[in-house]
Amino acid sequence: EAAVTQSPRSKVAVTGGKVTLSCHQTNNHDYMYWYRQDTGHGLRLIHYSYVADSTEKGDIPDGYKASRPSQENFSLILELASLSQTAVYFCASSDWTPSYEQYFGPGTRLTVL
Amino acid sequence: GDSVTQTEGLVTVTEGLPVMLNCTYQTAYSDVAFFWYVQYLNEAPKLLLRSSTDNKRTEHQGFHATLHKSSSSFHLQKSSVQLSDSALYYCALRYLSNTNKVVFGTGTRLQVLP
């Protein structure tokens, strides 16, 4: 079964601080995604990547950066965390297969105070 | 831009009755696929089912959906819901291109009552 892990699972950050969320997959998948989940907004795509050393902006990239140093790792960086970035963040991976299924990590609950 | 619309935020159904969760979409691309993901409380979303060809029904775990391009819809249905079906359901559109970008709807929470 596909495996996607995220760290940390929970984090409290201060406004204006830097936050890095990490994602690691052992599926040998080319595609990786970062979403945030908020009640009423569902899952919104922040950044995604289809090859190492390259990232693409999703639908809500403002205030976030992404880094894909290897096929297995994909990080989300909040340079200056703000209250509005309090949410649950999910990482996902998928491959170019007939099913195109996305495999999600367990999520990171981020609280910015 | 392209979008996926789920009009119901919450659907409440009594156990044993049928349910339909609505999903409509807007896209300029023809090379796309549609999905339903389910997320149980405090868990990650996981795939429930994926669209097949136009007007063909797909089924999984008692749920079924049919892609209707004529009406831009991919509604999820079940003939008899169970308490364990209570969860958050997302409809999603995926571009079958090199980017494989995915667009999710806002989700519908299904609450099944005894």
Side-chain angles (χ1 to χ4, degrees), chain A residues 1-7 9-10 21 23 25 27 29-51 54-61 66 68 74 87-109, chain B residues 1-10 21-27 29 31-53 58 60-61 67 74 87-110:
Chain A
E1 174 135 343
V4 180
T5 56
Q6 294 181 230
S7 63
R9 293 293 313 278
S10 178
L21 307 182
C23 179
Q25 54 105 354
N27 310 319
H29 286 169
D30 287 329
Y31 304 93
M32 296 188 75
Y33 309 78
W34 274 108
Y35 296 92
R36 65 175 282 173
Q37 183 177 46
D38 305 271
T39 303
H41 292 282
L43 289 165
R44 292 183 288 175
L45 182 64
I46 306 171
H47 286 286
Y48 62 105
S49 169
Y50 49 89
V51 67
S54 178
T55 62
E56 304 292 329
K57 293 182 179 179
D59 298 317
I60 54 164
R68 181 93 182 268
F74 192 36
V88 178
Y89 292 84
F90 285 99
C91 175
S93 77
S94 72
D95 207 350
W96 186 262
T97 65
S99 72
Y100 299 100
E101 177 178 357
Q102 285 189 305
Y103 295 88
F104 284 83
T108 295
R109 183 173 297 276
Chain B
D2 294 3
S3 63
V4 175
T5 301
Q6 295 180 251
T7 53
E8 309 114 340
L10 172 66
L21 306 184
N22 291 315
C23 173
T24 57
Y25 63 89
Q26 194 169 25
T27 180
Y29 297 90
D31 201 13
V32 295
F34 297 89
F35 302 80
W36 278 97
Y37 281 81
V38 59
Q39 184 180 18
Y40 299 103
L41 191 62
N42 295 324
E43 294 186 11
K46 59 182 180 181
L47 181 66
L48 179 59
L49 51 78
R50 175 186 185 264
S51 64
S52 181
T53 53
T58 57
H60 187 63
Q61 296 181 348
L67 178 63
F74 188 54
L88 184 58
Y89 292 81
Y90 286 106
C91 183
L93 171 163
R94 179 166 184 162
Y95 301 99
L96 304 181
S97 63
N98 62 326
T99 64
N100 267 239
K101 181 181 174 183
V102 182
V103 177
F104 281 85
T106 52
T108 296
R109 183 166 297 282
L110 175 61

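Below, read A as the first sequence line, B as the second, and so on, with proteins coming before strands; counting in each chain starts at 1.
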May I ask you to decide whether Lys101(B) forms a salt bridge with Asp59(A), counting only side-chain N to carboxylate O separations under 4.0 Å? yes
Using heavy-atom distances under 4.5 Å, tell me whether Gln6(B) contacts chain A through its side chain, its backbone, both, or neither. neither
Check the side chains of Gln26(B) and Asp2(B) for a donor-acceptor pair under 3.5 angstrom, ignoring hydrogens and angles. no
Is any side-chain heavy atom of Tyr35(A) closer than 4.5 Å to one of Val88(A)? no
Interface moiety of Leu43(A) toward chain B, non-hydrogen atoms closer than 4.5 Å: both
Side-chain heavy atoms of Gln39(B) within contact of Gln37(A), under 4.5 Å: yes
Looking only at Ser94(A), Gly107(A), Ala92(A), the option with the highest number of non-hydrogen pairs under 4.5 Å against chain B is Ser94(A)
